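Reading through the structure tokens given below for one structure.
These figures come from a predicted structure and were not determined experimentally. Any value given below was found using the heavy atoms of this structure, including those in side chains, with hydrogens, waters and symmetry copies removed.
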Amino acid sequence: MLVLGIESSCDETGVALVRAEGQAVPQLLSHALHSQIAMHQAYGGVVPELASRDHIRRVLPLTTQVLAEAGQTLGDIDVVSYTRGPGLAGALLVGSGVACALGAALGRPVLGLHHLEGHLLSPFLSADPPEFPFVALLVSGGHTQLMRVTGVGQYSILGETIDDAAGEAFDKSAKMLGLGYPGGPALAKLAEQGDGAAFKLPRPLLHSHNLDFSFAGLKTAVMTQAQKLGDQLDARRADLAASTQAAIVEVLLKKSMAALKETGLRRLVVAGGVGANHMLRSQLNAACAKAGVRVHYPELHLCTDNGAMIAMAGAMRLQAGLQEASFDYAFDVKPRWPLDALASGS
Ligand code: KG4
Ligand code: ZN
């Protein structure tokens with residue numbers, strides 16, 4: 001079974017092909033990505049209308065590219081999977097529209113998927129795929145959640161952010177430090193030259209005795225500190241970046257370890273854009289090694305949005321018999337769509 005995956009929920013157009021045989025872990029044949037970062041950089045963030053228009057320009061050439069790279073033709077595709085939500089409505093409409101048009105033209109069924117399920121299952125694209133059950137730490141630009149994952153489609157939320165997401169905390173703090181968009185990677189890079197203990201920043205909800213997160217207060221503390229520094233901000237920018245990163249990473253680390261303890265599970269999967277963060281990875285690796293927990297990540301280049309995770313999630317849902325791909329090409333998108341709604345089928 002050859003599955004085409006199309007991702008267009010935000011500022012990356014991703015297309016990929018995976019092959020699924022029986023119940024074996026599906027294999028990635030090819031994937032291609034166009035990042036809109038350069039286009040949005042001038043505005044300091046994603047401009048939704050520009051994003052939609054660029055997805056329109058990119059999605060078919062990328063599809064041609066992945067087919068050529070895999071030595072396949074349009075007629076070889078068995079199922080077209082696409083991101084149905086959550087994300088920017090206009091951007092989602094492009095990928096969904098193209099996916100359903102392709103399905104209709106080829107006479108092949110389509111499958112609308114949850115973007116976060118794509119992130120969650122992206123470690124299965126790595127050379128060392130995880131096994132169920134596991135605790136998942138999903139840390140992206142829009143979401144921060146700890147989940148108990150017992151199988152494909154079986155996700156229960158253990159804790160989540162009550163305000164900003166971890167990626168948002170990176171991005172907003174980066175903006176206050178005068179760094180460009182997207183802020184996460186820029187802040188992490190600057191932090192390498194700084195001292196993470198230089199400024200005492202809050203670790204929100206660290207001792208809350210639950211698995212929820214809050215990052216809005218941290219952002220305010222970074223702003224207050226930046227204002228206090230005034231003229232000296234330039235000289236202390238790397239220290240403030242390092243202290244911000246240290247605060248975010250400490251909270252993510254401690255809550256992940258608490259979730260493992262609470263569930264008794266001995267496997268952790270980290271997914272989403274912030275999962276690319278080196279400090280987070282090295283601290284989680286050390287803590288998990290000490291606790292006898294195996295930790296899995298997607299490959300670095302598949303941490304942020306991509307088509308491979310959407311093709312993979314489509315293939316895995318079909319293998320699990322959770323839903324059938326549909327020959328109904330009337331589509332809608334779900335800009336807001338909680339992941340745990342999947343379990344109830346809504
Ligand atoms: O998963 P993703 O590509 O998009 C969403 O679904 O939101 O995540 C993007 C987020 C952004 O907030 C970005 O700043 C953050 O991931 N990010 C990072 C790093 N790479 C990406 N944050 C910290 N360190 C990184 N190396
Ligand atoms: Zn994402």
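For the pair Arg148 and Tyr155, the cation-pi criterion (under 6.0 Å, within 45° of the ring axis) is not fulfilled.
If you check the side chains of Glu7 and Thr83, you find a donor sitting under 3.5 Å from an acceptor. Checking His34 against Thr13 by side-chain atom types alone, no donor-acceptor pair falls below 3.5 Å.
Across all their heavy atoms, Gly107 and Tyr329 have their closest contact at C-OH, 3.9 Å. Scanning both residues, Gly275 and Val270, for their nearest heavy atoms gives CA-CG1, 4.0 Å.
Under the ring-ring contact (aromatic ring centres under 6.0 Å, His included) criterion, Phe215 pairs with no residue at all, not counting sequence neighbours. The ring-ring contact (aromatic ring centres under 6.0 Å, His included) search around Phe331 returns none, not counting sequence neighbours. For His119, the ring-ring contact (aromatic ring centres under 6.0 Å, His included) test picks out His115, with sequence neighbours left out.
Applying the salt bridge (charged side-chain N to carboxylate O under 4.0 Å, His left out) rule to pairs touching residues 41-55 yields Glu49-Arg53, Asp54-Arg57, Asp54-Arg58, sequence neighbours excluded. Every pair passing salt bridge (charged side-chain N to carboxylate O under 4.0 Å, His left out) that includes a residue from residues 74-102 is listed here, sequence neighbours excluded: Arg84-Asp332.
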Apply side-chain contact (heavy atoms from CB on, under 4.5 Å) to the pair Leu260 and Arg267, showing each step before the final yes or no. CA-CA 8 Å; Leu260 287 158; Arg267 205 178 278 275; 5.9 Å; no
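Under the 4.0 Å criterion applied to side-chain N and carboxylate O atoms, Arg317 and Glu117 are assigned as salt-bridge partners.
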Identify each donor-acceptor pair in which a side-chain atom of residues 61-69 lies under 3.5 Å from a protein atom, sequence neighbours left out, and give them as a table.
unit_1	atom_1	unit_2	atom_2	d
Thr63	OG1	Val59	O	2.7
Thr64	OG1	Leu60	O	3.0
Gln65	NE2	Glu69	OE2	3.2

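We find the NZ-CG distance between Lys261 and Leu211 to be 12.0 Å, quoted to the nearest 0.5 Å.
Checked options Val293, Leu252, Asn277, Leu253; the residue passing with Leu284 is Leu253 (criterion: side-chain contact (heavy atoms from CB on, under 4.5 Å)).
The aromatic rings of Phe134 and Phe132 lie parallel to each other, with less than 30° between the two planes, well short of the 60° mark.
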